[in-house]
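In what follows, a structure is listed as structure tokens, so that the remarks can point back to it.
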Amino acid sequence: MSTYITKRILYMIIILFAASFLIFCLYALTPGDFITGNIKLTPERKAELREIYGLNKPVVERYAIWMKNAFHGDFGYSLSQQKPVLTLFNQYIWNSFLLAIVSTFLTWLIAVVVGVIAAYKQYSWFDTIVMVALFAAMSIPSFFIGLFLIKIMAVDWKWLPPGGMLTTGSTATGFAYVKEVVHHMMLPVMVMTLLGVGSLTRYFRSNMIDVIKQDYIRTARAKGLKERKVLFTHALRNALLPAITLVGFELPALFGGSLIIEKIFNWPGIGQLYMQSFGLRDYPLLMGFTLFIAILTVIGTLVSDILYHVADPRVRL
Amino acid sequence: MSTIHGEGTAALPSPKPKPVYTSLWRQSFRRLIKNKLAVLGFVVVAFMFAACFIGPLFSPYTDNKINMAFMNKAPSLKHWLGTDALGRDVLTRVLQAGRISLTVGLASMVLSVFVGSLLGVIAGYYRGIADQIIMRLADLLLTIPSLPLLFILGALLSEWKVPTEYRMYIVMLMLSIVGWPSLARMVRGQMLSLREREYMQATVVLGLRDRRKLFNHLLPNLVPLLIVIATLNIGGAILYESVLSYFGLGVMAPTPTWGNMIDAANNMIDFQDHPWLWIPPGFSIFATVIAINIFGDGLRDVLDPKQKR
Amino acid sequence: MSEPKQPLLEVNGLKKYFPIKSGLFGRTTGNVKAVDDISFTIRQGETFGLVGESGSGKSTVGRTILRLTDKTDGKVKFKGVDLYDLPPQELRRLRPKMQLIFQDPYSSLNPRVRIGDAIGEALLDHGLAPREEIRDRVMEVLNACGLSSYHIDRFPHEFSGGQRQRVGIARALVLNPDLIIADEPVSALDVSIQAQIINLFRKMQDTQGLTYLFISHDLSVVEHLCSHIGVMYLGSMMETASRDELFRNPLHPYTRALLSAVPIPIPKLKRERIVLSGELPNPADPPSGCKFHTRCPFAVARCREEVPLFRNVGNDHSVACHLV
Amino acid sequence: MDTVLDIEHLSTHFNTEEGVVRAVDDVSLRVRQGEIVCIVGESGSGKSITAMSVMGLVEAPAGQVVGGSIAFRGEDLLKLGRNELRTVRGNEIAMIFQEPMTSLNPVLRIGEQLMEPLMEHRKMSKKAARKRAIELIGEVGISRAEQIADSYPHELSGGMLQRIMIAIAISCDPKLLIADEPTTALDVTIQAQILDMLRRFKEESGMSILLITHDLGVVAEMADYVVVMYAGKVVEEGEVVALFENPQHPYTQGLLKSKPIINQRQDELYSIPGQVPNPLELVPSCYFHDRCAHCMDICRTTEPALKETANRQKVACWLYEEANPHV
């Protein structure tokens with residue numbers, strides 16, 4: 001076990017290095033930067049700033065400096081916000097995390113319940129309707145459904161706020177604050193859940209269909225167990241098992257998806273920060289975010305692997 | 001009791017010869033057309049393609065002419081989906097945009113399926129160093145989140161001042177760069193599992209040439225999976241293109257695509273008061289992609305029943 | 001008895017170890033000795049039956065002989081040539097002479113290849129027949145195997161299990177092989193179909209002078225078909241002898257137990273039975289000494305400690321047991 | 001002897017894409033107390049589906065019992081509600097299957113799976129059930145019972161798992177045990193152990209066994225009474241000695257002759273020509289007619305009925321029909 005993990009971690013580190021270099025080059029390649037784009041500065045001032053931020057050095061050297069600092073926990077300095085990238089992350093990431101956690105929870109809950117019922121009633125009209133609904137959820141462009149719901153529910157019907165995390169100028173505290181945040185969360189959470197629920201439910205449904213056909217389910221029925229017990233003790237456990245690996249993959253996907261949702265709903269999270277900085281070509285921040293997702297991806301893969309082997313008695317150590 | 005002597009096997013009184021020899025393809029096709037939902041999906045996709053490529057020919061408003069007298073008109077009998085700020089017919093624009101969106105989706109699918117399956121086949125069939133290089137590269141690309149990657153590539157296009165008429169082609173390229181790694185991985189996995197099949201061991205024992213093993217035995221069994229992946233991939237590519245274009249990083253005006261038409265929603269007034277400008281293209285994307293997904297799922301049921309997900 | 005014929009296949013000290021990856025999939029911590037120092041010779045025209053239960057390594061022997069997996073050690077000589085010394089191209093050219101018939105007639109035929117092509121393509125690739133004659137040759141062999149000429153353009157899924165097995169046999173026979181390795185060729189078939197296929201094997205041997213290595217777990221089938229028999233247990237050969245000798249005078253306790261365990265379709269037949277206790281030991285961790293001692297009703301202390309030699313006890317009968 | 005199971009005119013059909021398959025077609029058979037009845041037949045003969053029909057485990061909606069009755073100790077199982085049937089299953093009628101490796105749930109411990117029927121039918125407490133489960137593991141000849149109870153199925157061999165399946169089956173002292181090819185997936189030496197054990201349990205508890213197999217050797221060793229099935233129909237039945245000594249149906253005769261027997265060597269095996277008919281293309285006839293050496297005109301057009309020919313031996317064949325002018 002430990003050799004395996006060591007090996008995986010080693011490979012993970014190499015891939016991360018390669019990825020970070022690629023990410024760095026991509027951003028470094030892009031002509032124009034925060035300083036070029038700023039029309040308020042004189043050419044002399046621009047050159048001076050370039051000197052200060054080390055932007056006139058060769059790419060490899062700049063990468064080396066970036067990495068060196070990164071190892072010391074310094075992911076650079078946001079030029080547009082005039083704050084260290086890490087500080088900014090810390091400031092915004094928890095808002096993103098809030099959305100991610102709530103929508104993940106909802107997604108899994110709906111997926112398990114609907115997936116199991118649909119599988120049990122395979123080919124019934126309920127199953128057909130669920131399947132079409134799931135396809136629908138998988139086929140909507142995220143930004144469009146976001147805009148559409150804002151238009152209907154916020155602009156036309158005025159049920160929910162169109163964006164943000166708090167009403168502008170709000171000074172609510174305590175319970176009132178929580179209430180206001182929840183109110184603002186509804187739409188983005190709804191959209192994120194909708195986007196995730198399709199593939200996950202289909203996954204559970206097909207797992208469950210496979211499991212129900214297995215010999216041991218027939219055995220459980222032959223033992224005279226109640227159908228409820230057959231389904232929830234014998235079948236569901238086996239169907240849930242492979243899904244554990246998904247937990248690891250969900251992580252990066254959630255933050256990756258936050259780019260669009262947070263932008264559309266003006267949610268003060270890390271994705272929105274990215275989109276803002278993108279317009280301003282604030283590279284340290286952009287690179288930091290991209291690298292952050294890359295790290296999550298790699299860790300997620302590793303976690304999936306380990307979880308799978310912990311959960312399944314057949315491959316457990 | 002008398003015994004007939006045991007040779008009775010030579011001339012088997014086989015059941016009457018069936019008139020046609022049904023290949024698996026024919027069988028799959030028969031089962032596919034029994035799946036009503038999948039057939040419906042196909043009809044919708046075919047309709048969208050027909051409408052976008054042929055439809056504008058029958059429209060009186062094809063010429064992008066600016067007509068100030070008909071600015072921002074709501075849907076009416078004359079303009080079924082209304083007109084935009086320049087007085088252009090929205091329906092015609094949606095259909096014209098569909099041409100681009102569908103072409104981009106189709107072309108980037110072809111590209112990424114071609115690259116992905118080629119590399120996947122090489123990795124899975126020849127293994128060794130080629131496999132190592134290809135799969136490490138795929139791992140690397142899969143590590144970098146695709147949206148930021150697409151965004152930065154899109155930004156590069158703008159910074160390099162790529163002329164708008166070429167952007168469409170580069171967007172296709174970008175989408176295939178993001179698309180091929182997972183595809184290559186799937187194809188490689190399938191190749192590895194096919195290699196272990198007993199009938200592939202039989203080709204070794206028979207001493208068949210490599211070329212025959214690959215082209216007559218492996219690839220025919222890979223194609224069904226490829227068809228399924230390719231179909232579902234078009235839907236994904238259309239979605240990605242729309243995101244890019246909506247954020248102004250993909251195909252840009254004046255070339256209309258469904259994505260950049262929804263850009264109208266970024267204008268507060270159009271968003272609130274002229275929903276016919278941005279809702280129809282959104283629904284076009286939705287209808288096309290859902291139809292593709294349902295059809296692709298039907299295909300998967302008949303072609304590749306084990307790969308359910 | 002006629003004069004001893006030429007050896008066609010000589011297997012000498014063959015070993016095939018599969019590494020065990022520890023726990024998950026890290027380092028190799030040990031080996032499953034699937035085939036552990038096996039030797040036997042098959043002469044021209046003989047049928048050598050390799051018998052054993054699951055996990056005995058009998059199928060691995062067949063696959064290692066054909067270089068479908070690499071050996072760990074030992075020699076495999078076919079017509080005096082060590083197959084493991086041949087470069088790939090020469091091995092490929094030799095392949096038609098030694099064919100394999102698989103257990104599962106469903107998975108051993110490519111579902112997307114017409115059976116006419118499946119049978120004829122090797123002829124084409126080896127240049128064994130001109131292109132325009134291939135179809136005739138295929139029809140000929142189909143007829144010889146109890147199928148009809150009109151089957152030639154069909155796909156495997158249009159056949160029953162027994163018919164597919166005939167296709168598999170035809171695919172091997174069309175190449176005029178010298179040696180056929182048959183890996184449990186009838187165990188997936190129904191009784192009435194089994195008899196048809198066994199008879200076909202017989203007939204082909206008579207008409208084409210084939211040599212068989214017949215791998216099976218079914219002693220009654222092996223007795224019916226084979227002239228020589230080897231009994232394997234946990235990767236080792238326990239006993240080899242001619243069929244008559246082995247069935248008249250089984251020496252190894254395992255062979256005797258195996259023989260007595262086969263159910264005989266005669267009701268109320270009273271016979272002496274050696275019931276083995278326990279299960280097959282883990283092949284990754286085989287017992288010390290004689291591998292069979294954990295289940296042997298006659299085991300003594302020596303069996304636990306000392307590996308018995310595989311030795312000839314006369315009459316071409318070899319056995320690996322301390323008690324003989 | 002009391003009749004434990006009395007199947008009358010059972011028909012079970014499957015709806016497939018190509019048409020209706022009459023998997024079990026008007027089958028009647030009887031199992032008396034303490035008796036081992038074997039159903040022999042090749043794949044597609046309907047022998048397993050007969051057993052599944054008794055258990056109410058035919059896969060709906062494709063499969064459906066469409067007619068007949070299955071009386072278990074006088075009560076028609078087909079008329080029972082789902083819950084009533086459930087209290088019979090695993091309690092008074094138990095079943096073991098062909099593939100021990102896949103018949104146990106891979107993520108539950110052996111002990112838990114053994115305890116379930118005890119808690120369900122015997123209303124035992126968890127503690128009592130566990131104690132009994134460990135006893136049962138010992139009874140099926142597995143040492144270190146405690147340790148085995150805490151292990152998962154993948155840690156045991158096929159033979160051990162089949163013992164566990166038997167332990168589960170006998171846990172509630174069933175009156176009838178249905179064993180569907182219980183030793184087909186096992187090696188001969190293990191098969192001998194398992195068959196011995198089944199016989200021993202039968203002797204001890206007086207239960208009846210309905211054993212389904214394709215292996216005539218197993219039949220000869222185990223059966224008191226034999227039912228031969230072909231293409232969904234019973235073609236012959238009788239007491240085992242009589243049937244093996246004097247098989248009457250040409251199919252039974254062929255089957256017995258085509259099996260190689262140890263120490264009884266023949267130069268060439270008898271073999272039944274042709275193959276099992278396509279279940280979708282059956283027309284009223286003797287389904288064996290196109291493989292039969294004695295086929296007459298009537299065999300192609302009319303179905304023979306099962307008629308008693310000797311003491312408890314019945315055969316469905318026109319050769320034995322007295323009214324038949326051709327004989």
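Note on naming: letters A, B, ... go to the chains in the order of the sequence lines (proteins, then strands), and numbering restarts at 1 for each one.
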Nearest 0.5 angstrom please: [X] [atom1] to [Y] [atom2], how far?
{"X": "A/Ile15", "Y": "B/Thr143", "atom1": "CD1", "atom2": "OG1", "answer": "5.0 Å"}
{"X": "A/Ile152", "Y": "B/Ile279", "atom1": "CD1", "atom2": "CD1", "answer": "6.0 Å"}
{"X": "B/Ser146", "Y": "A/Ile293", "atom1": "OG", "atom2": "CD1", "answer": "10.0 Å"}
{"X": "A/Leu16", "Y": "B/Ile144", "atom1": "CG", "atom2": "CD1", "answer": "10.0 Å"}

[X] versus chain B, the contacting section by heavy-atom distance below 4.5 Å:
{"X": "A/Phe143", "value": "side chain"}
{"X": "A/Ser139", "value": "both"}
{"X": "A/Ile264", "value": "side chain"}

B/Leu40 versus chain A, the contacting section by heavy-atom distance below 4.5 Å: neither
Residue B/Leu37 versus chain A: region with a heavy atom under 4.5 Å: side chain
[Y] side chain reached by [X] side chain, heavy atoms, under 4.5 Å:
{"X": "A/Phe292", "Y": "B/Pro148", "answer": "no"}
{"X": "B/Asp297", "Y": "A/Arg202", "answer": "yes"}
{"X": "A/Tyr11", "Y": "B/Asp139", "answer": "yes"}

Winner by heavy-atom pair count (cut-off under 4.5 Å) against chain B, out of [options]:
{"options": "A/Pro252, A/Ala19, A/Gly300, A/Ser142", "value": "A/Ala19"}
{"options": "A/Thr297, A/Leu286, A/Ile140, A/Val298", "value": "A/Ile140"}
{"options": "A/Val132, A/Leu22, A/Leu147", "value": "A/Leu147"}

Minimal non-hydrogen separation, [X] against [Y], with atom names:
{"X": "B/Pro145", "Y": "A/Ala294", "value": "CD-N, 4.2 Å"}
{"X": "A/Met138", "Y": "B/Asn293", "value": "O-ND2, 4.1 Å"}
{"X": "B/Leu147", "Y": "A/Ile260", "value": "CD1-CD1, 3.6 Å"}
{"X": "B/Phe151", "Y": "A/Tyr274", "value": "CD2-CE2, 3.9 Å"}

Test of ring centre spacing under 6.0 Å for A/Phe278 and B/Phe247: no
For chain A, the option from B/Leu239, B/Ile290, B/Ile262 that forms the most heavy-atom pairs under 4.5 Å: B/Ile290
Most contacts with chain A, counted as non-hydrogen pairs under 4.5 angstrom, among B/Val243, B/Ile285, B/Leu141, B/Thr288: B/Val243
B/Leu153 vs A/Leu26, side chain to side chain contact (heavy atoms under 4.5 Å, CB included): CA-CA, chis, key distance, verdict: CA-CA 8 Å; B/Leu153 290 175; A/Leu26 272 172; 4.1 Å; yes
Single hit among B/Phe286, B/Phe283, B/Trp258, B/Tyr246 for ring-ring contact (aromatic ring centres under 6.0 Å, His included) with A/Phe144: B/Phe283
